[in-house]
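These numbers were taken from a predicted model, which means no experiment stands behind them.
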2 protein chains.
Amino acid sequence: MKALKISEAVVRRLPVYLQVLNDLRKRDVQTVSSQELGNKLDLNPAQIRKDLAYFGDFGRKGIGYDVSYLIEKIRQILKLDQPLFVALVGAGNLGRALSNYSTYLKDNMKITAIFDAHPSIVGTQINSLTVLPIEALKATVAELNIRVGIITVPAAEAQNVADRFVEAGIEGILNFAPTILRVPDEIRIHHADFTTELLSLAYYLDKEGDELNEPSMD
Amino acid sequence: MKALKISEAVVRRLPVYLQVLNDLRKRDVQTVSSQELGNKLDLNPAQIRKDLAYFGDFGRKGIGYDVSYLIEKIRQILKLDQPLFVALVGAGNLGRALSNYSTYLKDNMKITAIFDAHPSIVGTQINSLTVLPIEALKATVAELNIRVGIITVPAAEAQNVADRFVEAGIEGILNFAPTILRVPDEIRIHHADFTTELLSLAYYLDKEGDELNEPSMD
DNA sequence: TAGATTGTTAATCGATTAACAATC
DNA sequence: TAGATTGTTAATCGATTAACAATC
């Protein structure tokens with residue numbers, strides 16, 4: 001078994017597995033089968049086994065997967081077994097909200113710098129971090145060993161921020177602005193654009209074309 | 001056009017097309033080809049033509065697509081040609097940030113009610129809306145004709161909020177909490193969980209040192 | 001017209017699911 | 001052991017891409 005190309009779909013499921021596994025561990029569950037995971041996630045058990053098998057033999061035949069061990073392994077695969085420092089640009093409401101989110105702290109991701117272009121915001125405090133001027137981005141990224149950038153500025157400014165991130169040598173960007181960004185191929189971009197989710201949700205409403213009441217006939 | 005089953009992948013691309021088209025219109029571009037759209041979005045032009053052809057013949061051979069006409073058509077497909085009222089539960093930082101987002105206002109989606117479970121937050125103002133107690137949810141949803149719910153509460157409270165939304169007769173939910181929700185099949189749930197995006201991003205960093213040590217050689 | 005570009009069918013590619021020997 | 005469940009191969013399903021006649 002050699003370095004096989006892992007599809008994006010597989011990688012995207014790993015954090016979801018991690019989420020459920022963390023939950024199981026919190027409830028002191030020792031072992032879980034692909035069947036049980038599949039039930040919880042509405043996924044085919046074979047798919048879960050296959051996903052995990054790309055990375056190693058983590059389970060035990062007849063038993064299932066040890067929850068803590070699998071958590072450890074998935075964290076290794078996602079390279080979350082070592083600290084990963086993150087910068088955020090755009091200290092508006094959304095930026096502040098993300099800074100407060102502690103969810104990924106336990107996953108070794110840490111926002112260590114926040115930037116904004118507006119003089120009125122620069123210098124304010126967010127969670128013990130002082131908002132820095134955007135001009136300080138490049139130097140700070142190098143100094144603090146920051147590898148990921150989060151963009152929470154308005155769409156019109158997002159490309160400019162992306163350019164600055166690239167110039168600063170960032171390796172990956174999480175973009176919240178509802179716009180497409182142009183970056184070199186070697187930079188990884190993920191979109192966290194909830195407007196897309198919200199608009200596509202609208203498509204699925206009112207399936208049968210009936211009124212506001214749901215059809216309760218079988 | 002018969003009621004052909006449209007795949008989720010297709011529906012998810014529609015809002016992205018809309019985004020680019022809106023941008024083109026803002027720049028007074030009249031007409032666009034699938035080739036040009038493909039360049040902008042890093043998508044295969046044939047895919048774009050096929051996606052659109054599921055819903056009708058929107059283009060003109062030899063010419064391309066009329067930008068304004070296509071915008072209108074996609075908005076119709078997504079049912080955004082009529083107002084869609086949205087409720088939000090969880091008036092913390094993230095909830096406030098979303099309330100401020102005006103992006104989807106122009107797409108006829110409007111947050112018309114905000115709820116929170118904490119007495120200290122209930123009664124405060126967000127964008128001319130008064131935060132209501134969670135107990136008022138059901139009555140308000142009915143009264144204001146709200147069809148979509150947004151969840152921006154901590155993971156531990158998310159299922160409870162989802163249950164309340166379902167009981168209130170909501171048709172779709174956009175969930176920001178990093179947890180899996182259980183709802184009846186007829187309720188559509190979309191996830192806007194950026195922690196998933198952020199964790200999977202970590203996988204792709206550090207390309208050059210990419211060769212994971214494969215544990216099992218068998 | 002001649003060049004451009006759609007809508008659509010056919011070919012390809014990739015991802016999911018089923019099945020089962022291995023084995024805890 | 002006997003039942004359970006993995007890891008993996010083969011079968012199926014679905015989505016993307018190529019190709020091209022139709023036609024603006």
Side-chain angles (χ1 to χ4, degrees), chain A residues 1-14 16-17 20-21 24 29-71 73-74 77 200 203, chain B residues 1-14 16-17 20-21 24 29-71 73-74 77 200 203 212 214-218:
Chain A
M1 183 142 305
K2 43 188 157 181
L4 184 58
K5 171 87 177 104
I6 311 290
S7 85
E8 290 203 19
V10 174
V11 176
R12 252 160 227 284
R13 281 191 292 267
L14 296 179
V16 183
Y17 298 158
V20 173
L21 290 164
L24 288 169
V29 177
Q30 306 290 314
T31 295
V32 69
S33 69
S34 61
Q35 181 68 56
E36 292 169 301
L37 284 175
N39 288 152
K40 281 190 190 298
L41 292 165
D42 264 327
L43 292 178
N44 185 301
Q47 178 167 70
I48 295 173
R49 293 200 298 279
K50 199 161 199 277
D51 283 356
L52 296 174
Y54 281 118
F55 303 99
D57 290 6
F58 302 144
R60 283 174 60 194
K61 292 188 171 74
I63 310 288
Y65 299 90
D66 182 273
V67 172
S68 288
Y69 180 71
L70 192 51
I71 288 173
K73 284 301 174 186
I74 294 179
I77 294 162
S200 64
Y203 175 83
Chain B
M1 264 119 300
K2 56 243 157 143
L4 183 57
K5 173 85 178 106
I6 310 290
S7 86
E8 291 203 19
V10 173
V11 175
R12 252 160 228 286
R13 281 191 291 267
L14 294 179
V16 184
Y17 297 158
V20 173
L21 289 164
L24 288 169
V29 177
Q30 306 290 316
T31 294
V32 70
S33 69
S34 61
Q35 180 67 58
E36 291 169 302
L37 284 175
N39 287 153
K40 282 190 189 299
L41 293 165
D42 264 327
L43 293 177
N44 185 301
Q47 178 168 70
I48 295 172
R49 294 200 298 278
K50 198 161 200 276
D51 283 355
L52 296 174
Y54 281 117
F55 303 99
D57 290 6
F58 302 144
R60 284 174 60 194
K61 293 189 171 74
I63 309 289
Y65 299 90
D66 182 275
V67 172
S68 289
Y69 180 70
L70 192 51
I71 288 173
K73 284 301 174 186
I74 294 180
I77 294 162
S200 64
Y203 175 84
L212 281 210
E214 301 284 320
S216 62
M217 199 63 200
D218 266 283

Spacing of [X] atom [atom1] and [Y] atom [atom2] [to the nearest 0.5 Å]:
| X | Y | atom1 | atom2 | answer |
| --- | --- | --- | --- | --- |
| A:I6 | A:F55 | CD1 | CZ | 4.0 Å |
| B:Q35 | B:L37 | CD | CG | 10.0 Å |
| B:E36 | B:T31 | CD | OG1 | 9.0 Å |

Separation of [X] atom [atom1] from [N] atom [atom2], in whole Å?
| X | N | atom1 | atom2 | result |
| --- | --- | --- | --- | --- |
| B:K5 | D:dA15 | NZ | C1' | 13 Å |
| A:D42 | C:dT16 | CG | P | 15 Å |
| B:L52 | D:dT16 | CG | P | 14 Å |
| B:D57 | D:dT23 | CG | C1' | 12 Å |
| A:K61 | D:dG7 | NZ | P | 6 Å |
| A:R12 | C:dT16 | CZ | P | 13 Å |
| B:L41 | D:dT17 | CG | P | 13 Å |
| A:Y54 | C:dG14 | OH | P | 12 Å |

Subject >> Heavy-atom pair of closest approach, residues A:Y203 and B:I77 >> reply: CD1-O, 3.4 Å
Subject >> Smallest separation among heavy atoms of A:Q47 and A:Y17, with atom names >> reply: O-OH, 4.4 Å
Original post:
B:S34 and B:R49: side-chain donor and acceptor closer than 3.5 Å?
Top reply: yes
Subject >> C:dA4: pairing nucleotide in any strand, Watson-Crick or G-U under 3.5 angstrom >> reply: D:dT23
Original post:
Using purine N1 to pyrimidine N3 plus N6-O4 or O6-N4 for Watson-Crick, or N1-O2 and O6-N3 for G-U wobble, each under 3.5 Å, what pairs with D:dC13?
Top reply: C:dG14
Which nucleotide sits closest to the side chain of [X]: [options]?
| X | options | result |
| --- | --- | --- |
| B:K50 | D:dG7, C:dT9, C:dG7 | C:dT9 |
| A:R13 | C:dA22, C:dT16, D:dT16 | C:dT16 |
| B:Y65 | C:dT16, D:dT17, C:dG7 | C:dG7 |
| B:A9 | D:dT16, D:dA22, C:dT23 | D:dT16 |
| A:A53 | C:dT6, C:dA10, D:dT8 | D:dT8 |
| B:S33 | C:dT6, D:dA19, C:dA10 | C:dT6 |
| B:S7 | D:dT16, C:dT17, D:dA15 | D:dA15 |

Original post:
According to a strict under-4.0 Å criterion, is B:S34 in side-chain N/O contact with OP1 or OP2 of C:dT5?
Top reply: no
Subject >> Pairwise 5' ranking along DNA chain C for B:I63 and A:E8, keeping only the more 5' one >> reply: B:I63
Original post:
Taking for each residue the nucleotide of DNA chain C bearing the nearest heavy atom, is the 5' side occupied by A:R60 or by A:N44?
Top reply: A:N44
**OP:** Check every strand shown and say whether A:R49 touches a base, only sugar-phosphate, or nothing at a heavy-atom separation below 4.0 Å.
**Re:** base
